[in-house]
Amino acid sequence: MNYEQARFNMIEQQIRPWEVLDSQILSLLAVVKREDFVPLAHKALAFVDMEIPLTSDLQNHPGQCMLAPKVEARILQDVAVQKHEKVLEIGTGSGFMAALLGHRAQQVITMEIDSTLAQTARENLQKAGIYNAEVRTGDGAAKIAQAVSGTDPLRGPFDVIVLSGSVVQIPPALLAMLKVGGRLSAIVGTEPVMRATLVTRVAEDAWRTTQAWDTVAPQLLNFPEPSKFTF
């Protein structure tokens with residue numbers, strides 16, 4: 001397989017037509033080797049317009065996958081990470097989005113509930129030379145509640161928060177973890193209708209929400225009851 005040709009085709013035929021036009025992001029996608037973050041059994045699908053299943057404990061942790069390339073790229077463009085910024089990702093998977101964020105940010109903390117996937121992500125990031133992304137094993141939903149209670153601050157607040165999966169509703173506690181000027185990206189809703197949602201904290205007690213595009217993604221584990229996160 002000609003990986004470089006496949007990568008070029010992915011960028012030009014999938015990602016650019018999906019209104020990802022930021023030249024820095026397109027260049028980054030040409031450099032970060034997506035195939036190195038794909039399980040060996042699915043490596044031939046690395047550049048296909050689809051979600052890629054991740055080998056793990058799928059019986060207890062169903063739906064674990066890499067998001068489609070165009071979805072990852074559009075999220076990265078939406079949050080517009082800057083070099084001085086601190087990022088929280090929930091749903092590490094194999095670490096590819098964390099790698100992209102690591103290239104753009106000063107620091108990335110990424111949470112993965114599946115310990116096997118978390119270790120795989122650490123290894124993938126190390127092989128890719130990404131040293132500013134820390135993979136933490138744990139339940140991201142539980143950590144949010146702990147952060148609000150003050151028992152686990154997750155080293156926040158954050159400039160950017162990315163949910164690499166869908167939620168029925170964005171937990172208010174997550175919004176409280178944003179700095180003023182910070183952005184949160186999440187895929188919100190239930191199948192068959194979900195909206196890519198970008199929330200910007202414009203003041204201490206004010207947030208602006210935009211929903212510019214539609215997609216569908218597996219739900220992040222333990223996020224089905226948003227009311228449990230209220231504070």
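Below, all heavy atoms of this structure are taken into account, side chains as well, without hydrogens, waters or symmetry copies.
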| side chain to side chain donor-acceptor pair (under 3.5 Å) partner of Arg195, chosen from Thr210, Thr209, Thr215, Asp214 | Asp214
| request: Using side chain to side chain donor-acceptor pair (under 3.5 Å) as the criterion, point out the one residue from Arg7, Lys43, His42 that pairs with Glu35. | output: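 Answer after filtering Arg7, Lys43, His42: Arg7.
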| task | Answer yes or no: is there an ion pair linking Glu19 with Lys70, defined by an N-O contact shorter than 4.0 Å? | result |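 No salt bridge links Glu19 with Lys70.
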| query | Is the shortest side-chain N to carboxylate O distance from Arg201 to Glu204 below 4.0 Å? | reply |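 The answer is yes: the pair qualifies as a salt bridge.
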Nearest atoms (heavy-atom pairs only) where [X] meets [Y]:
X: Asp114; Y: Leu117; result: OD1-N, 3.0 Å
X: Ile15; Y: Ala73; result: CG2-CB, 3.6 Å
X: Leu163; Y: Ala186; result: CD1-CB, 3.6 Å
X: Ala98; Y: Ala133; result: O-CB, 4.3 Å
X: Arg104; Y: Leu76; result: CG-CD1, 4.4 Å

| task | Could you walk me through whether Ile75 and Leu67 pass the side-chain contact (heavy atoms from CB on, under 4.5 Å) test, one step at a time? | result | CA-CA 10 Å; Ile75 290 171; Leu67 297 177; 4.3 Å; yes
Just how far is it from atom [atom1] of [X] to atom [atom2] of [Y], taken to the nearest 0.5 Å?
X: Phe47; Y: Asn9; atom1: CZ; atom2: CG; value: 10.0 Å
X: Leu88; Y: Gln107; atom1: CG; atom2: CD; value: 10.5 Å
X: Glu72; Y: Met97; atom1: CD; atom2: CE; value: 5.0 Å
X: Asn132; Y: Leu101; atom1: CG; atom2: CG; value: 9.5 Å

| task | Tell me, please, whether Phe96 has Arg34 positioned over its six-membered ring: NZ or CZ under 6.0 Å from the ring centre and within 45 degrees of its axis? | result |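 Cation-pi check for Arg34 and Phe96: passes.
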Between [X] (side chain) and [Y] (backbone), is there a donor-acceptor pair under 3.5 Å?
X: Arg183; Y: Val79; result: yes
X: Ser94; Y: Val38; result: no
X: Asp78; Y: Leu198; result: no
X: Ser27; Y: Ile25; result: no
X: Glu112; Y: Arg136; result: no
X: Glu85; Y: Gln82; result: yes
X: Asp159; Y: Gly182; result: no
X: Arg74; Y: Trp18; result: yes

| request: May I ask you to check whether Gln64 and Glu51 show a side-chain donor-acceptor distance below 3.5 Å? | output: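 Glu51 and Gln64 do not have a side-chain donor-acceptor pair below 3.5 Å.
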| Do the side-chain N and O atoms of Ser166 and Gln219 include a donor-acceptor pair separated by under 3.5 angstrom? |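 There is no such pair between these side chains.
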Say whether [X] and [Y] are linked into one hydrophobic cluster, either directly or through other cluster members, by side-chain heavy-atom distances under 4.5 angstrom.
X: Leu29; Y: Val48; answer: yes
X: Met10; Y: Met50; answer: yes
X: Ile170; Y: Val180; answer: no
X: Val32; Y: Met1; answer: yes
X: Leu45; Y: Tyr3; answer: yes

| query | Can you check side-chain contact (heavy atoms from CB on, under 4.5 Å) on Val20 and Leu26, steps first, answer last? | reply | CA-CA 8 Å; Val20 179; Leu26 295 174; 4.2 Å; yes
| message | Between Ile161 and Val87, does the side-chain contact (heavy atoms from CB on, under 4.5 Å) criterion hold? Intermediate values first, please. | response | CA-CA 6 Å; Ile161 299 175; Val87 179; over 6 Å; no
Mind checking whether [X] and [Y] have side chains closer than 4.5 Å, heavy atoms only?
X: Val108; Y: Phe158; answer: no
X: Pro157; Y: Met177; answer: no
X: Pro39; Y: Leu54; answer: yes
X: Glu4; Y: Lys33; answer: yes
X: Leu184; Y: Val160; answer: no

| Residue among Glu89, Met111, Met66 satisfying side chain to side chain contact (heavy atoms under 4.5 Å, CB included) with Ser164 |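 By the side chain to side chain contact (heavy atoms under 4.5 Å, CB included) criterion, Ser164 pairs with just one of Glu89, Met111, Met66: Glu89.
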| Taking Val188 as the fixed residue, which of Val193, Val199, Val168, Val167 is the one that meets the side chain to side chain contact (heavy atoms under 4.5 Å, CB included) rule? | Val167
| task | Tell me, yes or no, whether the heavy-atom count around Gln211 atom CD, taken from other residues, nucleotides or ligands under 6.0 Å, exceeds 12. | result |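 Result for CD/Gln211: enclosed.
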| task | Could you go through the side-chain hydrogen bond (donor to acceptor under 3.5 Å, both in side chains) check for Thr92 and Arg122 one step at a time? | result | CA-CA 10 Å; Thr92 312; Arg122 290 187 191 100; over 6 Å; no
| field | Ile113 and Leu220: CA distance, side-chain angles, deciding distance, side-chain contact (heavy atoms from CB on, under 4.5 Å) verdict | value | CA-CA 10 Å; Ile113 193 171; Leu220 288 171; over 6 Å; no
